[in-house]
Amino acid sequence: MKVLVFDNYEAASEQAAQMVEAQILENGQSVLGLATGSTPIGLYKNLIEGVTARGVSYKEVCTINLDEYIGLANDHSESYHRFMAENLFDHIDISIDNTYVPNGVAPSAEEECIRYEEIIDRLGPIDIQILGIGSNGHIAFNEPGTDPETLTHVVELVASTREDNARFFPSIDEVPTHAITTGIKSILKSKKIILLATGKGKADAVKKLLSKEISKDFPASFLWNHKDVTLIVDQDAYALVQTEGQ
Ligand code: GLP
């Protein structure tokens, strides 16, 4: 795992954007694995700017998102479909038919998981997978305890994840209890992975990750089993690692 430390969120976001744009400039038909959450918003802002500022085109790019809440329709204000439209897709020249997010209101969530994994295999391998990290070490919605062999599956969100994400909903009762998420194994199929972690709230998780202990209790630790992972952090997220190292 390569670790890149930046002064602040803006610099970390710019670095991630440069890596994504380099991939697209090399291959206009790249497949990107995308994440939601507050962390990648700065990356997406940079990518939007890149369309006009640097002439980057997404006309032939495909995107595959990590996860979606079960029970939220695509147009629900907190669905990940809506998040992606508002924070990226509506502002770049991508064809919406080339963007994939699990369907959280599919008649059968289990069948949707099978369909989604087939999409990953048909379009993949993903050239660059963007990941954030939950404060409990989850990646996508792979909560602590997840088996490393998991493919796309239905997950029951743990209390801490629902609490973390309650800030986006009128009350915690409205945070969905379940989600469809790509699995650890699905994520590790990607050619290259960029894990973004910024802000003090991620300092514990980054410290744990960099302890290199691989365990089901901390799903992001399975990234140590992949040969091309870049961890991009800001000083706040790296703070506990530095303190210990000095
Ligand atoms: C959610 C998403 C994850 C994301 C995590 C961290 O639960 N399913 O993909 O990485 O939250 O979010 P944030 O970037 O807002 O801290």
Side-chain angles (χ1 to χ4, degrees), residues 8-10 12-13 16-17 32-46 63-72 76-84 86-88 100-104 109 113 116 120 126 128-146 150 152-169 172 174-184 186-188 190 193-209 218-223 229-234 236-238:
N8 52 41
Y9 177 73
E10 286 70 30
S13 302
L32 302 178
L34 299 181
T36 52
S38 317
T39 312
I41 289 178
L43 156 65
Y44 297 152
K45 279 200 176 122
N46 277 277
T63 65
I64 303 178
N65 262 78
L66 288 169
D67 45 15
E68 178 60 287
Y69 290 115
I70 290 185
L72 300 194
H76 185 284
S77 62
E78 297 311 326
S79 75
Y80 288 164
H81 275 84
R82 183 83 173 264
F83 175 98
M84 290 310 303
E86 288 177 358
N87 289 290
L88 186 65
Y100 297 85
V101 182
N103 179 3
C113 293
Y116 206 71
I120 295 171
I126 287 171
I128 295 189
Q129 173 66 61
I130 303 296
L131 291 178
I133 185 168
S135 55
N136 64 359
H138 74 218
I139 48 174
F141 271 134
N142 291 284
E143 298 285 26
T146 306
T150 49
T152 303
H153 62 288
V154 172
V155 63
E156 180 171 6
L157 303 177
V158 301
S160 65
T161 296
R162 294 186 67 235
E163 280 156 24
D164 282 353
N165 292 356
R167 65 190 194 277
F168 300 112
F169 292 83
I172 189 148
E174 291 180 53
V175 182
T177 54
H178 291 75
I180 292 175
T181 183
T182 54
I184 305 280
S186 332
I187 292 170
L188 294 183
S190 311
I193 296 175
I194 296 177
L195 173 60
L196 276 167
T198 54
K200 289 192 174 69
K202 300 294 165 68
D204 277 320
V206 168
K207 181 181 165 193
K208 225 173 181 169
L209 175 66
F218 195 75
S221 66
F222 290 118
L223 295 173
V229 179
T230 304
L231 169 66
I232 298 180
V233 290
D234 65 0
D236 284 343
Y238 198 62

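We count ligands from 1, going down the list as the structure has it; atoms in each ligand are counted the same way. The chain is numbered in sequence order, starting from 1.
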Enquirer: Which heavy atom of the protein is the closest neighbour of atom 2 (C) of ligand 1, given with residue, atom name and distance?
Expert: Y80 OH, 3.8 Å
Enquirer: Is it the side chain (CB and beyond), the backbone, both or neither of T181 that lies under 4.0 Å from ligand 1, heavy atoms counted?
Expert: neither
Enquirer: What residue and heavy atom of the protein are closest to atom 16 (O) of ligand 1, and at what distance?
Expert: K202 NZ, 2.5 Å
Enquirer: Please walk me through it: do Y69 and F169 pass ring-ring contact (aromatic ring centres under 6.0 Å, His included)?
Expert: CA-CA 13 Å; Y69 290 115; F169 292 83; 5.7 Å; yes
Enquirer: Taking T150 for its side chain and I184 for its backbone only, find out whether a donor-acceptor pair lies under 3.5 Å.
Expert: yes
Enquirer: For atom 6 (C) of ligand 1, tell me which residue out of I133, T39, I41 has the closest non-hydrogen atom.
Expert: I133
Enquirer: Please check if any side-chain donor atom of N136 sits under 3.5 Å from a side-chain acceptor atom of E143, or the reverse.
Expert: yes
Enquirer: What atoms of ligand 1 come within less than 4.0 Å of a heavy atom belonging to N165?
Expert: 1 (C), 7 (O)
Enquirer: If hydrogens are left out, which of G132, G199, A140 has an atom nearest to atom 10 (O) of ligand 1, that is, the closest non-hydrogen atom?
Expert: G132
Enquirer: Give a yes or no answer on whether the side chain of T181 reaches the backbone of F141 with a donor-acceptor pair at less than 3.5 Å.
Expert: yes
Enquirer: Is a side-chain donor or acceptor of T63 paired with a backbone partner of L32 at a separation under 3.5 angstrom?
Expert: no
Enquirer: What protein heavy atom is closest to atom 4 (C) of ligand 1, reported as residue, atom name and distance in Å?
Expert: T36 O, 4.0 Å
Enquirer: What protein heavy atom sits nearest atom 15 (O) of ligand 1, and how far off is it?
Expert: S38 N, 2.7 Å
Enquirer: Quick test: of every protein heavy atom, which one is nearest to atom 8 (N) of ligand 1, and how far off is it to 0.1 Å?
Expert: D67 OD2, 2.9 Å
Enquirer: Can you tell if the side chain of L188 reaches within under 4.5 Å of the side chain of I193, non-hydrogen atoms only?
Expert: yes
Enquirer: Name the closest protein heavy atom to atom 12 (O) of ligand 1, giving the residue it belongs to and the distance to 0.1 Å.
Expert: G37 CA, 3.9 Å
Enquirer: Please classify the A35 to ligand 1 contact at 4.0 Å (heavy-atom distances, strictly less than): side chain, backbone, both or neither.
Expert: neither
Enquirer: Name the residue from T146, T161, D67 that meets the side chain to side chain donor-acceptor pair (under 3.5 Å) definition with H138.
Expert: T161
Enquirer: Which protein non-hydrogen atom lies closest to atom 5 (C) of ligand 1, naming both residue and atom, and how far is it?
Expert: H138 NE2, 3.6 Å
Enquirer: To the closest 0.5 Å, what do you measure between CD (E68) and OG1 (T36)?
Expert: 8.0 Å
Enquirer: Between L34 and F83, does a side-chain contact (heavy atoms from CB on, under 4.5 Å) hold up when you go through it step by step?
Expert: CA-CA 11 Å; L34 299 181; F83 175 98; over 6 Å; no
Enquirer: For R167, take its heavy atoms, then give the atoms of ligand 1 lying under 4.0 Å from any of them.
Expert: 15 (O)
